[in-house]
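Encoded as structure tokens, the structure appears first; notes follow it.
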Amino acid sequence: MRFIVTAGPTREPIDPVRYLSNRSSGKMGYAIAEAAISGPVSLIPPSGANLVQVTTSDEMDDAVHAHLAACDVLVMCAAVADYKPATFSTRKIKKQKNALTLELIPTRDILASLTRPSPEFLVVGFAAETEDLEANAQKKLRDKKCDIVVANDVSGNESGMESDENEVTIFFRNGEKEKISRAPKKIIARALVKILSNACEKRLTKKT
């Protein structure tokens with residue numbers, strides 16, 4: 001069984017020295033990676049992983065699509081930017097007395113643009129939420145046509161982004177859900193990989 005696991009943030013350049021990004025550390029993605037497509041993180045790649053380094057959301061999108069056909073499961077754990085600057089300044093933007101307005105445009109929607117290489121292919125999305133976790137996760141499950149969405153509350157500092165611990169709720173397309181209580185991300189990852197592997201095996205068994 002072959003996995004693509006995206007991890008970490010993306011960086012959307014504003015000028016040669018500045019960029020837009022987020023607080024994702026990549027720890028959760030690296031913990032579950034068997035094959036990794038990764039944003040810029042300061043972690044040692046998982047043993048046995050085929051690591052593809054990317055920086056921007058466009059590069060992440062290209063990399064995912066390039067490797068999709070060779071895998072059975074896509075785990076979109078990366079915190080891909082939702083917006084990027086409309087233009088890139090080739091020179092450093094100098095500080096001025098007046099306010100600076102930065103125009104942002106939507107980035108490519110990787111999940112929404114996927115073409116599954118086979119009906120058995122498993123698509124797993126992640127939802128980092130600060131409110132209405134279940135409602136937002138269920139919406140992502142429907143709108144992005146995911147098979148599974150793994151959601152976590154990032155409103156506090158005790159788990160989620162930049163933390164070594166996490167607590168997640170897994171939502172399935174058939175309406176079921178399963179909660180994994182707060183634990184180190186490596187333990188969460190082992191539980192997730194088992195759940196995802198079982199889901200993928202059921203699909204492959206159903207095919208035969």
Side-chain angles (χ1 to χ4, degrees), residues 4-30 33 35-45 49-71 74-117 123-133 135-137 139-146 149-155 157 160-163:
I4 291 178
V5 182
T6 66
T10 59
R11 293 175 178 174
E12 310 304 323
I14 299 171
D15 63 20
V17 298
R18 302 181 180 92
Y19 56 80
L20 296 177
S21 192
N22 56 62
R23 292 171 46 209
S24 174
S25 65
K27 292 177 181 179
M28 191 72 249
Y30 269 55
I37 294 176
S38 174
V41 297
S42 301
L43 298 172
I44 299 172
N50 173 27
L51 181 67
V52 179
Q53 292 280 8
V54 302
T55 300
T56 68
S57 56
D58 286 346
E59 292 171 351
M60 181 79 77
D61 181 71
D62 290 341
V64 167
H65 283 84
H67 293 81
L68 206 61
C71 292
L74 170 64
V75 183
M76 281 295 300
C77 191
V80 181
D82 294 319
Y83 295 92
K84 64 181 180 179
T87 59
F88 171 74
S89 174
T90 57
R91 296 182 179 182
K92 179 183 175 183
I93 300 172
K94 298 296 184 179
K95 184 175 181 180
Q96 302 175 6
K97 292 182 179 179
N98 298 327
L100 173 68
T101 299
L102 186 65
E103 182 184 359
L104 302 179
I105 59 174
T107 57
R108 300 179 194 172
D109 192 327
I110 300 176
L111 280 174
S113 66
L114 287 179
T115 299
R116 296 173 187 249
V123 177
V124 183
F126 270 66
E129 303 294 342
T130 58
E131 59 184 0
D132 300 328
L133 184 141
N136 288 325
K139 186 176 187 300
K140 186 166 190 173
L141 192 67
R142 295 189 304 270
D143 293 352
K144 309 297 184 183
K145 296 181 173 61
C146 295
V149 165
V150 181
N152 64 313
D153 186 339
V154 295
S155 60
N157 296 321
M161 289 186 173
E162 298 180 325
S163 172

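What you see is a predicted model, and the numbers here were worked out from it, not measured in a lab. Residue numbers count from 1 along this sequence.
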Counting N and O atoms only, with roles assigned by atom type, does the side chain of [X] sit under 3.5 Å from a partner on the main chain of [Y], one being a donor and the other an acceptor?
{"X": "Asn136", "Y": "Glu131", "value": "yes"}
{"X": "Thr6", "Y": "Cys77", "value": "yes"}
{"X": "Ser21", "Y": "Thr10", "value": "yes"}
{"X": "Lys92", "Y": "Pro16", "value": "no"}
{"X": "Asp15", "Y": "Ile93", "value": "yes"}
{"X": "Ser57", "Y": "Ala81", "value": "no"}

Which atoms form the tightest heavy-atom contact between [X] and [Y], and what is the distance?
{"X": "Glu12", "Y": "Pro85", "answer": "CB-CD, 3.8 Å"}
{"X": "Ile105", "Y": "Ala86", "answer": "CG2-CB, 3.8 Å"}
{"X": "Thr56", "Y": "Arg11", "answer": "CG2-O, 3.3 Å"}
{"X": "Leu111", "Y": "Cys146", "answer": "CD1-SG, 3.9 Å"}
{"X": "Ser89", "Y": "Arg91", "answer": "OG-O, 2.5 Å"}
{"X": "Val154", "Y": "Ala128", "answer": "CG1-CB, 3.8 Å"}

Could you state the interatomic distance from [atom1] ([X]) to [atom2] ([Y]), rounded to the nearest 0.5 Å?
{"X": "Lys139", "Y": "Glu129", "atom1": "NZ", "atom2": "CD", "result": "10.5 Å"}
{"X": "Lys95", "Y": "Leu100", "atom1": "NZ", "atom2": "CG", "result": "12.0 Å"}
{"X": "Leu104", "Y": "Lys84", "atom1": "CG", "atom2": "NZ", "result": "11.0 Å"}

>> I'd like to know whether OH of Tyr83 has more than 12 heavy-atom contacts from other residues, nucleotides or ligands below 6.0 angstrom.
In response: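 For Tyr83, atom OH is not crowded (no more than 12 foreign heavy atoms under 6.0 Å).
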
> Can you check side-chain contact (heavy atoms from CB on, under 4.5 Å) on Ile4 and Met76, steps first, answer last?
Replying inline: CA-CA 8 Å; Ile4 291 178; Met76 281 295 300; over 6 Å; no

> Between Ile14 and Leu20, does a side-chain contact (heavy atoms from CB on, under 4.5 Å) hold up when you go through it step by step?
Replying inline: CA-CA 7 Å; Ile14 299 171; Leu20 296 177; 3.9 Å; yes

> Given Arg108 and Asp62, is the side-chain contact (heavy atoms from CB on, under 4.5 Å) satisfied, shown in steps?
Replying inline: CA-CA 10 Å; Arg108 300 179 194 172; Asp62 290 341; 2.8 Å; yes

>> With a 4.5 Å cut-off on side-chain heavy atoms, are Val80 and Phe126 touching?
In response: no

>> Apply side-chain contact (heavy atoms from CB on, under 4.5 Å) to residues Val123 and Lys145 and explain how you reach the verdict.
In response: CA-CA 8 Å; Val123 177; Lys145 296 181 173 61; over 6 Å; no

